[in-house]
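A short write-up of the structure that comes next.
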Amino acid sequence: MLQRLAEIFAGFARQFMPTPFAFAIILTGLVFGLGVALTPSSPMQMVDYWYDGFWGLLRFTTQMVAILLFGDVFAEAPPMKRAILALGSLPKSATGVVAMVCALSISLSFLNWGLGLIVGAVAAREFCRQARDRGIQVHYPLTVAAGFAGGTTSQGGLTSSASLLVNTEGHFLADQIGLIPLVETIFSPLNLIVGATFMILLPVAAARMHPAEKVREISDREAGLDADDAPEDEPVVATAPGKASLSAAAVPETAPTVAERIENSRILTGVILAIGFTYVGNFILQNGLDLNLNVLNLTFLLLGLLAYGTPIAYVRAIDRGIRTCSQIILQFPFYAGIMGMMSASGLLALFASGLASISNAYTLPFTSMLSSAFVNLMVPSNGGQWAVQGPMLVEAAQMLEADISTVVMAFSYGDQLTNGIQPMWMLPLLGVTALKARDILGYTAALMLVSFAVVSIALLTLPAVFA
């Protein structure tokens, strides 16, 4: 059944799903039209809201480029590749490959969503490349979709934006709800049961989707084996027409210049590693594992420097990895513009309050999840979405005397679920794996439905059990 469902979704996505950039433009037009039709905003006001928001995510865009670039380069470093290859040698079947990639993505995403996103992508590529070399036919698009499974479960983990925010002194809702400790959100029985169910059920579901026929294996280009991906630091020797080429090995060696000695100095690397890891260590002592994006990016950068050893080796790795970041740079401003229109026009408040108005204390967590899932399609940012939607959900919870910590988790579940059909968060994964969104959306949509069933049952039953 799951295999057939995945095939239907995959066929639909291949036929009708445009590129993520075209999808962002379509969403822009849709939100613009809804703002004019459903709110008092005029077309010119909607244009202003769009532009006011367009550059509003520049800092976040840079952070996402950094997490993709530094994470990808670190995952490509020899020590990490050896670890990933060692794990990739364990599965003995195609379904085993898919299940292991899915489990790895989910488990690492619980620790940190960025780590799960990058390692899931790299593992999908490397596991499939290794399986192909061993004669195991693995469906590459499905494996990549399994590597994204953490993207639809991560907001129940240690980097859940809303849960961390409501446990932070002076947060913008502190006057209404005070501080909500993590034992009532991330470490609540509800979330631990949901997380454990994801960890068991999703790898099994992903494996069951593997096609018996028409297996689409990883290509040389997707595996990074094209000639264009040859290391750029290899010497190239020019030859005259009609003459035999001179091999690089035949080029006489010369003593390294002072500049080359500096570029290859491990002492320089050691200095910045000492400074950087001192900061990261002190941050963890003071804040625990609440690694925000900036600290996470610094950690990836430092680990990359440590793995490559010298400044010039790291520079060359960065030069090779930068090509994976182009779509993030292009598309994130468009989603910032969509967020600007949704927030300033009142559309976000309209959608959220509409669902909350038809709820009671029992159903509010479920309807909060639905509203969050819907809004996430147009405002795919957990922190930004909570800033606008959070006050309305808190007010509804207080009016209905519903448990606010459960509503916070329900909001987080909804926000993560529709990442399975929202291509923005797939961009880092697609950059690493060299696939298009339409290649994997059918499978991520099927996994999203499985996750939706788990979350729906949990929200409608477990709060009463643990009340």
Side-chain angles (χ1 to χ4, degrees), residues 102-120 146-168 180-206 288-293 296 364-373 375-376 380-386 389-390 393 397 403-422 425 444 447-463 465-466:
C102 187
L104 185 63
S105 175
I106 293 172
S107 58
L108 291 179
S109 292
F110 182 83
L111 298 176
N112 189 288
W113 67 266
L115 185 64
L117 181 66
I118 296 301
V119 175
F148 187 69
T152 61
T153 62
S154 60
Q155 288 305 312
L158 298 178
T159 48
S160 170
S161 300
S163 299
L164 293 174
L165 185 62
V166 296
N167 189 40
T168 302
I180 300 179
L182 296 184
V183 293
E184 296 181 16
T185 53
I186 295 174
F187 295 110
S188 66
L190 165 69
N191 190 54
L192 293 177
I193 291 173
V194 169
T197 305
F198 281 155
M199 190 65 192
I200 296 170
L201 189 59
L202 289 183
V204 174
L289 290 177
D290 178 17
L291 300 180
N292 59 49
L293 275 175
L296 178 66
L364 182 63
F366 179 72
T367 55
S368 297
M369 180 268 290
L370 291 179
S371 68
S372 176
V375 172
N376 181 60
S381 170
N382 183 269
Q385 187 178 336
W386 175 254
Q389 203 172 352
L393 294 179
D403 182 67
I404 294 176
S405 62
T406 302
V407 170
V408 171
M409 289 312 304
F411 164 85
S412 298
Y413 295 148
D415 175 82
Q416 70 189 14
L417 281 176
T418 44
N419 287 340
I421 54 175
Q422 162 51 266
W425 289 116
T444 57
L447 289 173
M448 180 195 72
L449 290 181
V450 176
S451 300
F452 176 79
V454 170
V455 169
S456 298
I457 294 171
L459 290 176
L460 291 173
T461 58
L462 294 181
V465 173
F466 295 105

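Note that these values count all heavy atoms, side chains included, but never hydrogens, waters or copies made by symmetry.
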State, with a plain yes or no, whether a side-chain heavy atom of [X] is found less than 4.5 Å away from one of [Y].
X: Phe466; Y: Ile193; answer: yes
X: Leu182; Y: Leu164; answer: yes
X: Phe411; Y: Asn376; answer: no
X: Thr185; Y: Asn191; answer: no
X: Ser160; Y: Val408; answer: no
X: Met369; Y: Leu417; answer: yes
X: Leu462; Y: Pro189; answer: no
X: Val166; Y: Trp386; answer: yes

Can you measure from [atom1] ([X]) to [atom2] ([Y]) and round to the nearest 0.5 angstrom?
X: Leu459; Y: Thr406; atom1: CG; atom2: OG1; result: 8.0 Å
X: Met409; Y: Ile186; atom1: CE; atom2: CD1; result: 6.5 Å
X: Gln422; Y: Asp415; atom1: CD; atom2: CG; result: 10.5 Å
X: Phe198; Y: Thr153; atom1: CZ; atom2: OG1; result: 6.5 Å
X: Ile106; Y: Ser451; atom1: CD1; atom2: OG; result: 7.5 Å

List the residues meeting side-chain hydrogen bond (donor to acceptor under 3.5 Å, both in side chains) with Ser188, not counting sequence neighbours, and say none if there are none.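 Ser188 satisfies side-chain hydrogen bond (donor to acceptor under 3.5 Å, both in side chains) with no residue once adjacent residues are dropped.
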
Using atom types as modelled and distance alone, determine if a side-chain donor or acceptor of [X] lies under 3.5 Å from a backbone N or O of [Y].
X: Gln416; Y: Gln155; value: yes
X: Ser456; Y: Ala453; value: no
X: Thr152; Y: Ala149; value: yes
X: Thr418; Y: Ala373; value: yes

Indicate the atoms forming the closest heavy-atom contact of [X] with [Y], along with that distance.
X: Leu447; Y: Ala146; result: CD1-CA, 4.5 Å
X: Ser109; Y: Gly150; result: OG-CA, 3.2 Å
X: Ser368; Y: Leu393; result: OG-CD2, 3.6 Å
X: Gly151; Y: Asn419; result: O-ND2, 2.9 Å
X: Thr444; Y: Gly420; result: OG1-O, 2.6 Å

When you look at Ile180 and Ile404, which way does the side-chain contact (heavy atoms from CB on, under 4.5 Å) test go after all the steps? CA-CA 9 Å; Ile180 300 179; Ile404 294 176; 3.7 Å; yes

Do the rings of Phe452 and Phe366 sit parallel, tilted or perpendicular, given the 30° and 60° boundaries? tilted

Please identify each residue that fulfils side-chain contact (heavy atoms from CB on, under 4.5 Å) with Ile200, with sequence neighbours left out.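 Scan of Ile200 (side-chain contact (heavy atoms from CB on, under 4.5 Å), adjacent residues dropped) gives none.
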
As a quick check of understanding, evaluate side-chain contact (heavy atoms from CB on, under 4.5 Å) for Tyr413 and Ser372, giving each step before the final call. CA-CA 8 Å; Tyr413 295 148; Ser372 176; over 6 Å; no

